[in-house]
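All values reported here derive from a predicted model rather than from experimental measurement. Just so it is clear, the values below take in all heavy atoms, side chains as well, and ignore hydrogens, waters and symmetry mates. Lettering follows sequence order; numbering is per chain, from 1.
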Protein chains: 2
Amino acid sequence: MPVYLDIATQLDNDVRNKYQAGDYLPSESQLALRFNVNRHTVRRAIDELVATGMVQRHQGKGNMVLRQPHDYYLHAGAHFTGNLLEQGSLPRSEVLQARVIIANSKIAERLNKPAESKVIHIRTFRKIDGIPRTVIDHYLSDTTWWVVLKYFNTGSLHQFINKELNIELQRKNTRLRAQMPTNEDCRLLQINSNIPILKIKTTNVIKGTNIVAEYSSSNTRSDVIELVMEH
Amino acid sequence: MPVYLDIATQLDNDVRNKYQAGDYLPSESQLALRFNVNRHTVRRAIDELVATGMVQRHQGKGNMVLRQPHDYYLHAGAHFTGNLLEQGSLPRSEVLQARVIIANSKIAERLNKPAESKVIHIRTFRKIDGIPRTVIDHYLSDTTWWVVLKYFNTGSLHQFINKELNIELQRKNTRLRAQMPTNEDCRLLQINSNIPILKIKTTNVIKGTNIVAEYSSSNTRSDVIELVMEH
DNA sequence: CGGGATTTGTGCGTATGTATA
DNA sequence: TTATACATACGCACAAATCCC
């Protein structure tokens, strides 16, 4: 094992045990003295911590500890069930935003509407252990629903629509991919930029028709989540 | 602007215009001569390309160009359809490995077998545009199938089992997550470690029974892939 | 199989630039 | 302004992986 990886391991331990988020590591020169290596070697070691998102470099100041890395691992309780695919159905979702917006071209296309149409945008999220794990953006085609939907604030969106508007939504297709989070994703999900997220997009029609009523896009932090579908 | 960023920009242009995926860059020593800098500086420049996923390092061989710019964009043709979830069904898969192994504890558990049982391991992969996009590990519980399965070399594994053994496999459940690739994933999929992968794991029973016959685990590069399911 | 040539990976020492306090 | 800390760059040496004869 290269020396720099040894040092990276020790620094990793220090960060976990001795430092808190916001603290600064000893200077690279001091660390070089302490580990009896050249400063380049210390820098290479710190590169590893930077790559994993534990440390941030600040020229002229020092290398700052970003945060205590949780020991993330999957446990059975953290599993989402297949109904995550039915994104309007999450029973304990909460509303972050709800408003009428001008659809961008992609959303307009998914909803089969002309460019720059007005659509309803509702952003909900679901927490596990007090931390937001999934953020879902719902885009609803029919703005006349707004008079009712503006009162939606918690629970299952699809159930709400069913009850208040007497309309049943049916999932038509699902698109799924993994990607690295945007800055906004990082903020909403409270994660570092090095954790991949699952992005699930669905289009939903009014049951029995081909009328696309809803397009939804969800982002889920994937480090503590495993999507399980029983067939 | 630092010298290494200048060189990175030039190399980036070269990669886009002069090289194809799979090509190797000139050696670092040659590039150092060409740009009249130290080899360290060239390495620092190549680090930039590695970080953006354009180039992969191979110790002892050289620095390989990973992909062309058009690969950065999802295009409709690159979409997998939902039958990716039925991992034995990929019609144009090829076999990388096929052998009998001792199952580790996780695989044994999934197959409802005692620890350290023997199982059949078949690794297949699927290419798009000549590049491996998905690598699937199949683990089959019944080693008596080996006398037949050792002759499987291409096509659909489930079809082969159906035809040769007269056994129909049925998907029981699917687990799905996103994660960063291991070193082996990077090698097999020819990607950099900064691209997340989709991991899909299925258990399959013998149709009409509860006998778990197969556990499969697939890794798919997620940068050019979007999983589409029609309902 | 061995051995030598090539190429990337690691590490040291030194020097200088740049940002911060 | 000065001192400190990180950023860039050169040169040298050797290790480790790969390739080819």
Side-chain angles (χ1 to χ4, degrees), chain A residues 1-12 14-15 18-66, chain B residues 1-12 14-15 18-67 181-188 190-194:
Chain A
M1 180 141 78
V3 177
Y4 76 87
L5 283 182
D6 263 333
I7 296 175
T9 305
Q10 293 187 54
L11 289 178
D12 185 282
D14 287 357
V15 164
K18 297 186 186 170
Y19 299 103
Q20 301 199 338
D23 288 353
Y24 280 83
L25 295 178
S27 77
E28 294 173 355
S29 314
Q30 286 175 31
L31 290 173
L33 278 178
R34 169 169 138 201
F35 291 114
N36 245 296
V37 296
N38 192 277
R39 188 163 78 91
H40 285 307
T41 307
V42 169
R43 282 181 66 77
R44 186 70 184 79
I46 293 176
D47 280 344
E48 296 297 306
L49 303 192
V50 170
T52 62
M54 298 181 65
V55 164
Q56 230 172 34
R57 294 183 176 284
H58 295 294
Q59 184 174 358
K61 284 185 76 174
N63 298 306
M64 191 182 77
V65 173
L66 266 186
Chain B
M1 180 144 74
V3 178
Y4 76 87
L5 283 182
D6 262 334
I7 295 174
T9 305
Q10 292 186 56
L11 288 178
D12 185 282
D14 286 357
V15 165
K18 296 184 186 172
Y19 299 104
Q20 301 201 335
D23 288 353
Y24 280 84
L25 295 178
S27 77
E28 294 173 354
S29 314
Q30 286 176 32
L31 290 173
L33 278 177
R34 187 214 294 185
F35 292 114
N36 246 297
V37 296
N38 190 276
R39 187 164 76 93
H40 284 306
T41 307
V42 169
R43 282 181 65 77
R44 186 70 183 82
I46 292 176
D47 279 344
E48 297 297 306
L49 303 192
V50 170
T52 61
M54 299 184 66
V55 164
Q56 206 172 45
R57 296 183 177 283
H58 295 294
Q59 184 174 357
K61 283 186 74 174
N63 299 305
M64 191 182 77
V65 173
L66 271 185
R67 54 180 180 176
T182 64
N183 287 340
E184 194 185 16
D185 295 333
C186 290
R187 188 172 54 78
L188 290 171
Q190 297 180 20
I191 58 173
N192 267 106
S193 58
N194 58 339

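Here dA9(D) is the nucleotide among dA5(D), dG11(C), dA9(D) with the atom lying nearest to any side-chain atom of His40(A). Closest to the Arg43(A) side chain, of the nucleotides dG9(C), dG11(C), dT8(D), is dT8(D).
The distance between atom OH of Tyr24(B) and atom P of dT8(C), rounded to the nearest whole Å, is 10 Å. Distance CG (Asn36(B)) to P (dG11(D)): 9 Å, rounded to an integer number of Å. Spacing between atom CD of Gln59(B) and atom C1' of dT6(C) amounts to 12 Å, rounded to whole angstrom units. Residue Gln56(B) contributes atom CD, which lies 11 Å from atom P of dG9(C) at whole-angstrom precision. Atom OH in Tyr4(B) sits roughly 21 Å away from atom P in dT16(C) (whole-Å rounding). Rounded to whole angstrom, the span from the CG atom of Leu33(A) across to the C1' atom of dA5(D) amounts to 14 Å.
Side-chain N/O atoms of Thr9(B) and Asp6(B) include no donor and acceptor closer than 3.5 Å.
A residue-by-residue look at His58(A) and Asn38(A) shows that Asn38(A) has its nearest nucleotide of DNA chain C further toward the 5' end. Judged by closest nucleotide on DNA chain D, Gln30(A) is the one of Arg39(B) and Gln30(A) placed further toward the 5' end.
For dT8(C), the OP1/OP2 oxygens have a side-chain nitrogen or oxygen of Asn63(B) closer than 4.0 Å. Side-chain N/O atoms of Arg44(B) include none lying less than 4.0 angstrom from OP1 or OP2 on dA9(D). Put simply, Lys61(A) has a side-chain N or O that comes within less than 4.0 Å of OP1 or OP2 on dA21(C).
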